[in-house]
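Throughout, protein chains are lettered first and strands after them, A, B, ... in sequence-line order, and every chain is numbered starting at 1. Values in this document were obtained by computation on a predicted structure and should not be read as measured data.
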2 protein chains.
Amino acid sequence: MTREPRGNPLFADWPTGRPAEPGACPIRDVLDRVGQKWTLLILISLERAPQRFSALQRSVGDISKRMLTQTLRELERDGMISRTVYPTKPPSVEYALTELGRSSLQPIATLSDWASANHDRIRAARAAYDAAV
Amino acid sequence: MTREPRGNPLFADWPTGRPAEPGACPIRDVLDRVGQKWTLLILISLERAPQRFSALQRSVGDISKRMLTQTLRELERDGMISRTVYPTKPPSVEYALTELGRSSLQPIATLSDWASANHDRIRAARAAYDAAV
DNA sequence: CTGGATCCCAGGCGATACTG
DNA sequence: CAGTATCGCCTGGGATCCAG
């Protein structure tokens, strides 16, 4: 409640804009990932069962190979999923959630539940706002 | 667990790409908002106290007027915040969380807690991944 | 003081074609 | 099968100037 020199210390290294430390803020860091177009779809799809590249692509829907690869790489780098290569004649690669990845789905479910529960209110608010143009 | 014609029904209208229904999927809908660069900062900043435009701008940090205005509009449209104009000589406008907005901060806090708790693991995973180039 | 209008760039993302 | 490479579009978002 006291004065702060420039906003809340909490915010000090928040915005992504700061070129200082990439990944400085945990929340931004996680949110930037989760906010990406395909991340959640992939995580949820993998929650049902470990899957191979093409199965994943079919499961997720209309994702391009490019984005599937890219998102999988990022998730792998973050330790959310594992990638196992089986050196068969046509190579097959299986992706699976790690413990970390699985644990992330719990808080995400909380948010998702809120979204489902309040979506009607949001839509109503939008309709009202738009009507009031 | 049965066969689905084209992936999980859950995914049917998920991706933002679908021009069919904007806001068809609650989770995408909410996530697209929350994933935006400034949304969370503004919500959290307003949680501390209702604030006026310029106070908000200072509080959030290095946000431009453009983005502040835009994000506030979207949040207002979604019914997450309220906007009250006081017709003083130089007009002043106060923004505050609505009940809906306040309620959204709870699930967000859950996610945020997870992020804080696991950020070290994520950073470690990244370091390991990058080292293994 | 609180925005709106405009300009412009970087990056996200899709489509397509090629490879081990 | 599981990617990689390239291109090109479109949007997010910063900077700047204008207005009530």
Worksheet entry | By side-chain contact (heavy atoms from CB on, under 4.5 Å) - contacts of Ser54(B) (at least two apart) | Arg58(B)
Practice prompt. Measure from CD on Gln36(B) to P on dG11(C) and round the result to the nearest Å.
Written response: 19 Å
Worksheet item: Is the closest side-chain heavy-atom distance between Glu74(B) and Met80(B) below 4.5 Å?
Response: no
Worksheet item: Is any side-chain N or O of Tyr95(B) closer than 4.0 Å to OP1 or OP2 of dG3(C)?
Response: yes
Practice prompt. Indicate yes or no: does Asp78(B) engage Arg123(A) in a salt bridge with an N to O separation below 4.0 Å.
Written response: no
Worksheet entry | Nearest-angstrom distance from the residue atom CD1 of Ile63(A) to C1' of dT16(C) | 16 Å
Practice prompt. Look at the side chain of Ser82(A) and the backbone N and O of Thr98(A), then say whether any donor-acceptor pair between them is shorter than 3.5 Å.
Written response: no
Discussion item. Angle between the two end axes of the helix from dC1(C)-dG20(D) to dG20(C)-dC1(D), five base pairs per end, rounded to 10 degrees?
Written reply: 40°
Worksheet item: Counting only N and O atoms by type, is there a donor-acceptor contact under 3.5 Å from the side chain of Thr39(A) to the main-chain atoms of Gly35(A)?
Response: no
Worksheet entry | Short side-chain donor-acceptor distance under 3.5 Å, Trp114(A) and Ser104(B) | no
Just the atom pairs and distances: protein N or O near nucleotides 18-20 of chain C's N or O, under 3.5 Å.
none

Worksheet item: OH of Tyr86(A) versus P of dG3(D): gap in Å, rounded?
Response: 13 Å
Discussion item. Rounded to whole Å, please give me the gap between CD in Glu94(B) and P in dG3(C).
Written reply: 12 Å
Practice prompt. Round to a whole Å and report the spacing from CD of Gln57(B) to C1' of dG13(D).
Written response: 14 Å
Kindly give the atom pairs (protein nitrogen or oxygen, nucleotide nitrogen or oxygen) under 3.5 Å for nucleotides 5-8 of chain C.
none

Worksheet item: Measuring from Arg121(A):CZ to Leu100(B):CG, what's the distance to the nearest 0.5 Å?
Response: 4.5 Å
Practice prompt. Grab the CG-P distance between Asp62(A) and dT16(C) for me, whole Å please.
Written response: 13 Å
Fill in: Full working for side-chain contact (heavy atoms from CB on, under 4.5 Å) between Leu31(B) and Leu111(A)
CA-CA 9 Å; Leu31(B) 233 53; Leu111(A) 184 58; 3.6 Å; yes
Practice prompt. To the nearest Å, give me how far apart CZ (Phe53(B)) and P (dG20(D)) are.
Written response: 17 Å
Worksheet item: Looking just at side-chain N and O atoms, do Ser59(A) and Ser45(A) make a donor-acceptor pair shorter than 3.5 Å?
Response: yes
Worksheet entry | Spatial distance of atom CD (Gln70(A)) from atom CH2 (Trp38(A)) [nearest 0.5 Å] | 12.5 Å
Worksheet item: Considering only dA2(D), dG14(C), dC1(C), which nucleotide approaches the side chain of Ser54(A) most closely?
Response: dA2(D)
Discussion item. Would you compute the distance between atom CZ of Arg33(B) and atom CG of Leu43(B) and round it to the nearest 0.5 angstrom?
Written reply: 11.0 Å
Worksheet item: Quick one: does Ser112(A)'s side chain have a donor or acceptor within less than 3.5 Å of a partner on Ile108(A)'s backbone?
Response: no
Item to complete: Spell out, as yes or no, whether a donor-acceptor pair under 3.5 Å connects the side chain of Gln57(B) to the backbone of Ile63(B).
Response: yes
Item to complete: State which residues pass salt bridge (charged side-chain N to carboxylate O under 4.0 Å, His left out) with Arg102(B); sequence neighbours excluded, sorted by chain then number.
Response: Glu99(B)
Discussion item. Just to be sure I understand the geometry, which residues of residues 67-85 of chain B put a non-hydrogen atom under 4.0 Å away from DNA chain C?
Written reply: Thr69(B), Arg73(B), Arg83(B)
